[in-house]
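Reminder, nothing fancy here: chain letters follow the sequence lines and each chain counts from 1.
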Amino acid sequence: MKPRQFCGSSEHMLSRRNFLGAASGASLASFLAQKSLADEIKKQGKSVIMLWLAGGSSQLETWDPKPGAITGGPFQSIQTSTPGVRISELMPKMAARFKDTCIIRSLNTKNADHGGGAQLMMRGRRDEPTLRYPDLGAVLAKELGAPESQVPDYVSFYLQSEGRNFAGSGFLGARFGPMELSKEVMPENITKPDHISAEDYHDRMALRDLWSRNFAKGRTSGTLASHEQAYLRVQGLMDSKRLFDVTKENQKTRDRYGPTQFAEQVLIARRLAEAGVPFIRVGRAWWDSHGQNFETHQELVPELDHVMATLLDDMQERGMLKNTLVITLSEFGRTPSINSSLGRDHFASAWSCSLSGCGVAGGSAYGKTDAKGEKVIEGEIGAARLFATIYKALGINPQKNYYVGSRPVPLTDPGTEPVKEVLA
Amino acid sequence: MKKLIPFAVFFCTITIPVRAADTLLPVETPIEKAIDHYISQSWKEKNIKPAKDSDDSVWLRRVTLDLAGRIPTIKEAQEFSKDKSPQKRQQTIQRLMESPGYPRHLARELEGLLMAGQRSNLGEYLNKATTEGKSWEKIFRDLIIADDSDAAKKGVAEFLKTRVKDLDRLTNDVSVAFFGINVSCAQCHDHPLVHDWKQDHFYGMKSFFSRTYEVGEYLAEREYGVVKFLPNKGQEKQAGFMFLTGKTVTPPGLVEPTREEQKKEKELVEKWKKNKEKPPQAKVSTRALLVETALGAKEKEYFSKNMVNRLWNRLFGHGLVMPLDQMHSENPSSHPELLSWLERDFASHGYDISRLVKGLVSSKLYGLSSRYEESSVPLPKDFAIARLKPLTPMQMGFSLKLAAQGALTGEIEKRLEELDRGGRGIADQFSLPGEDFQIGVTEALFFSNSSRFAAEFLPDGGDKLIAGMMKLSTMVERADLAVWAVLSREPSLDEKNVIAGYLQKHGANQQDACKQVVWSLLSSPEFRFNY
């Protein structure tokens with residue numbers, strides 16, 4: 001794999017120009033240019049793996065247990081490796097290797113509807129009537145991917161049906177849309193068809209290139225460039241097929257992650273991140289525990305605990321953790337009150353998520369809910385600040401403007417501050 | 001000093017007209033002449049050298065895609081290139097606009113404008129409307145009044161029905177689609193940048209829709225009701241029925257219903273729902289009132305300018321005002337006089353879409369080349385070079401089908417309709433181009449590796465293009481046919497040699513070699529764009 005720092009993309013050339021500009025004087029402008037160069041360098045080689053717990057996982061059975069409270073349910077809490085921070089006993093492995101993770105326990109995102117909640121937590125804001133915002137994956141594909149990248153830049157595993165179709169690249173368009181894996185772990189159309197030999201396949205592409213070069217003479221257009229880039233990326237993407245093939249991973253590593261579908265996908269996600277894919281989401285469904293909340297979580301949380309801890313260990317051993325951010329997130333949490341079917345319902349006013357690795361103050365917990373977990377009493381944040389924090393952790397300016405036509409659209413709403421305490 | 005704005009004229013006491021109508025070119029000027037006059041004047045002022053005229057084959061492909069939603073057939077392309085008549089472009093425009101493909105394509109373009117690329121059931125109504133040659137005013141009236149009790153207007157209520165659950169969205173979508181104004185910012189506060197738009201405007205527009213609600217699969221409209229909102233400064237207030245220009249109207253029933261009335265309504269709704277009954281049209285419709293207000297003497301400019309700008313954008317790949325939904329005083333047009341002239345012309349000729357389209361494609365400007373070899377390249381808003389327009393999903397589906405078909409035989413219009421229908425399935429693979437459109441790698445992978453693509457567009461046997469090429473005896477003839485079929489033009493000598501050389505080199509399996517050549521042309525940017 002070519003190191004992404006030397007991909008020679010126009011974006012990086014831009015930062016080189018910034019650098020040259022900055023070297024020529026000590027004005028405020030050059031200081032700012034230098035600052036943006038620093039940001040530019042900071043975000044190179046970074047990736048995000050998002051573990052998306054579709055349906056809404058319970059904060060009380062994961063990151064914010066309330067044992068003994070009337071709302072607490074049957075599970076106890078255990079001490080993490082950080083004194084004073086306790087998480088659910090269903091997560092012993094994460095408790096033991098807590099040092100790279102920061103829990104946020106004070107989300108109040110107000111939207112407790114699956115569709116609306118998922119859209120909000122994937123974009124960090126609500127769509128406007130005529131402006132569809134890109135989700136985190138699309139933004140990171142643009143920010144962290146190289147235009148002519150030879151690997152996919154946004155991969156989304158969603159093999160279960162629950163909670164699909166809330167992602168999307170919004171106004172950024174198809175170039176930054178997800179490569180969706182909804183039927184099998186192998187992407188569609190990534191294999192050369194059998195009816196054509198490798199040589200002919202290559203030759204016809206060369207013929208196409210010739211028409212393309214002739215057509216481009218005297219013509220400039222961003223859309224034309226994107227069409228060209230798309231074809232330039234075909235071969236690389238086909239070569240990246242091996243990344244999706246979990247059998248290419250050594251058996252010992254596969255055994256470590258375990259045999260479940262979720263574990264395999266997370267292992268593939270690690271392979272992709274290692275090869276320079278900026279954003280990978282692994283959807284794990286069936287968290288919507290309106291009935292039998294405790295059985296559901298007793299089954300799902302230990303798997304999450306094992307897979308997440310293994311992923312963090314594995315990436316640390318490979319030296320990837322400082323450049324990879326692992327986000328564990330849902331569309332919302334679950335009610336502290338337990339309903340008559342021993343379930344917990346949708347709840348968006350006091351719930352938790354976690355960030356691990358890149359740019360994060362590991363071994364900490366931010367924010368607090370009250371004794372019953374019914375409301376946030378300290379450090380309340382919404383989706384916007386969570387996203388500003390994620391961007392900041394990755395070295396991306398949360399106030400950076402995109403342009404929809406000539407209209408500037410900042411990455412997060414003006415005035416949205418990242419949460420300093422969460423950041424390393 | 002803020003610029004004086006056209007509509008400030010209407011509701012402020014200051015009445016300094018920005019552009020007096022009498023300084024515009026005379027009303028009887030043909031549309032195409034007015035366009036070329038104003039545009040060449042702006043080039044002169046800015047010292048811009050426009051691109052050369054495009055050649056006949058490029059022009060024909062462009063106008064066929066724009067008017068019929070497909071590339072030319074081989075026969076059309078070859079006959080046009082041989083035709084020596086000086087009227088051949090005018091004749092072609094006439095022929096295309098009279099063909100059944102024209103209303104079909106126009107209906108889809110309108111659907112794209114109204115539904116922004118979302119799937120909808122508006123197609124049936126729009127097809128009927130464009131086939132009958134309905135004006136934009138009539139279509140607007142139909143869609144907003146949405147009386148589908150008339151069987152002839154089946155599906156007309158779809159525009160409202162898909163939005164009625166969210167009146168804020170409905171309000172903004174109507175403003176965007178029909179008046180080129182995105183008022184969503186003014187929902188929560190007076191617009192920070194645009195002094196024209198206050199919260200009063202947003203809620204004023206919303207008032208017209210506030211009495212509309214859904215009953216099962218039907219729409220109903222109350223004959224009373226008001227909108228109240230909490231301004232970001234001050235006390236809750238009642239919105240007036242106010243159009244975007246600030247013009248207010250006073251419908252009857254400006255009261256909130258009594259408990260008794262609410263109860264009665266609830267019972268009625270239950271009854272309608274239970275019997276799956278269509279509620280009666282309201283005697284006083286505030287939606288109808290909106291239509292009348294928007295088409296008023298001093299208000300219609302918004303309605304007219306928006307459609308002029310949309311059609312201009314569709315045909316020239318860039319609006320006279322950009323973005324298309326920001327037609328306000330702080331965002332002036334690149335060519336204000338031209339826009340005013342076209343707006344006046346459109347309004348005074350009954351908002352006849354086809355008349356305007358015909359004028360636009362008849363201009364010299366429309367025939368400019370998309371290639372520019374000079375060193376300093378003019379900006380898109382100068383319109384000195386034709387823009388590359390990515391094909392829409394439906395243009396793409398139809399054109400792929402037609403190219404892969406090769407020569408057409410039999411009843412041509414019928415065959416074309418079949419191919420058009422056949423292309424719909426594949427259209428889903430593409431997205432509707434908007435501003436700054438980007439093509440993703442999924443499309444390139446689909447062309448390169450999908451078995452569906454190969455089966456549909458590079459098939460063995462039958463009467464299709466590959467089989468047609470195989471019937472020819474020389475490599476050069478095969479090259480010739482492939483380029484005419486896919487790119488709708490004669491290949492250059494170089495191209496002929498390259499393709500013939502390719503076929504020669506891969507001679508062992510000539511059919512596969514033909515497929516590879518056709519693939520390279522179908523996946524080329526020359527096919528992907530209307531250029």
J.: Restricting to non-hydrogen atoms, name the atom on B/N449 and the atom on A/K192 that form the minimum distance, rounded to 0.1 Å.
T.: OD1-CA, 4.0 Å

J.: Is A/T191 in contact with chain B via its backbone, its side chain, both, or neither, using a 4.5 Å heavy-atom distance?
T.: backbone

J.: Does any backbone or side-chain atom of A/I196 lie under 4.5 Å from a heavy atom of chain B? Answer side chain, backbone, both or neither.
T.: side chain

J.: For residues A/R233 and A/S149, report the shortest heavy-atom separation together with the two atoms involved.
T.: NE-O, 2.8 Å

J.: Counting only non-hydrogen atoms closer than 4.5 Å, does B/S370 touch chain A with its backbone (N, CA, C, O), its side chain (CB onward), both, or neither?
T.: both

J.: Between A/M205 and chain B, with a heavy-atom cut-off of 4.5 Å, which part of the residue counts as in contact: side chain, backbone, both or neither?
T.: both

J.: Output the residues of residues 518-531 of chain B for which the shortest heavy-atom distance to chain A is under 4.5 Å, in residue-number order; output 'none' if no such residue exists.
T.: B/W519, B/S520, B/L521, B/S523, B/S524, B/P525, B/E526, B/R528, B/F529, B/Y531

J.: Do A/D200 and B/Q516 get their side chains close enough for a donor-acceptor pair, meaning under 3.5 Å?
T.: yes

J.: Suppose we screen for side-chain hydrogen bond (donor to acceptor under 3.5 Å, both in side chains). Which residues come up paired with B/R387, at least two apart in sequence or across chains?
T.: none

J.: Considering heavy atoms only, which positions within residues 502-510 of chain B lie below 4.5 Å of chain A?
T.: B/Y502, B/K505, B/H506

J.: For the pair B/R163 and B/D168, evaluate salt bridge (Lys or Arg N to Asp or Glu O under 4.0 Å) and give the outcome as yes or no after the intermediate values.
T.: CA-CA 9 Å; B/R163 295 162 163 101; B/D168 290 335; over 6 Å; no

J.: For each of A/F215, A/Y201, A/F171, tally heavy-atom pairs with chain B at distances under 4.5 Å, and name the one with the top tally.
T.: A/F215

J.: Hey, could you give me each pair passing salt bridge (Lys or Arg N to Asp or Glu O under 4.0 Å) that has a residue in residues 206-219 of chain A? Not counting sequence neighbours.
T.: A/R208-A/E228

J.: Would you check, one step at a time, whether the test salt bridge (Lys or Arg N to Asp or Glu O under 4.0 Å) holds for B/K515 with B/D460?
T.: CA-CA 9 Å; B/K515 287 184 189 176; B/D460 294 327; 2.6 Å; yes

J.: Looking only at side chains, do A/Q229 and A/H227 share a donor and an acceptor under 3.5 Å apart?
T.: no

J.: Let me see the working for A/K248 and A/D245 under salt bridge (Lys or Arg N to Asp or Glu O under 4.0 Å), right down to the final yes or no.
T.: CA-CA 6 Å; A/K248 296 271 192 294; A/D245 184 355; 3.1 Å; yes

J.: Between A/L237 and chain B, with a heavy-atom cut-off of 4.5 Å, which part of the residue counts as in contact: side chain, backbone, both or neither?
T.: side chain

J.: Minimum heavy-atom separation for B/I426 and B/E456, please, with both atom names.
T.: CD1-OE1, 3.6 Å

J.: Quick one: sort the B/F178 and B/F159 rings into parallel, tilted or perpendicular, breaks at 30° and 60°.
T.: perpendicular

J.: Report yes or no: is the cationic atom of A/R125 (NZ for Lys, CZ for Arg) closer than 6.0 Å to the six-membered ring centre of A/Y133, at no more than 45° off its axis?
T.: yes

J.: To the nearest 0.5 Å, tell me how far B/M327 CE sits from B/N309 CG.
T.: 4.0 Å

J.: For chain A, which candidate among B/S448, B/P433, B/S369 shows the most heavy-atom pairs at distances under 4.5 Å?
T.: B/S448

J.: By a 4.5 Å heavy-atom criterion (distance strictly below it), what part of B/A454 contacts chain A: side chain, backbone, both, or neither?
T.: side chain

J.: Quick one: which of B/G440, B/A51, B/S451 has the most heavy-atom pairs under 4.5 Å with chain A, could you say?
T.: B/G440

J.: Is any side-chain N of the basic residue among B/E374 and B/K49 closer than 4.0 Å to the acidic one's carboxylate O?
T.: yes

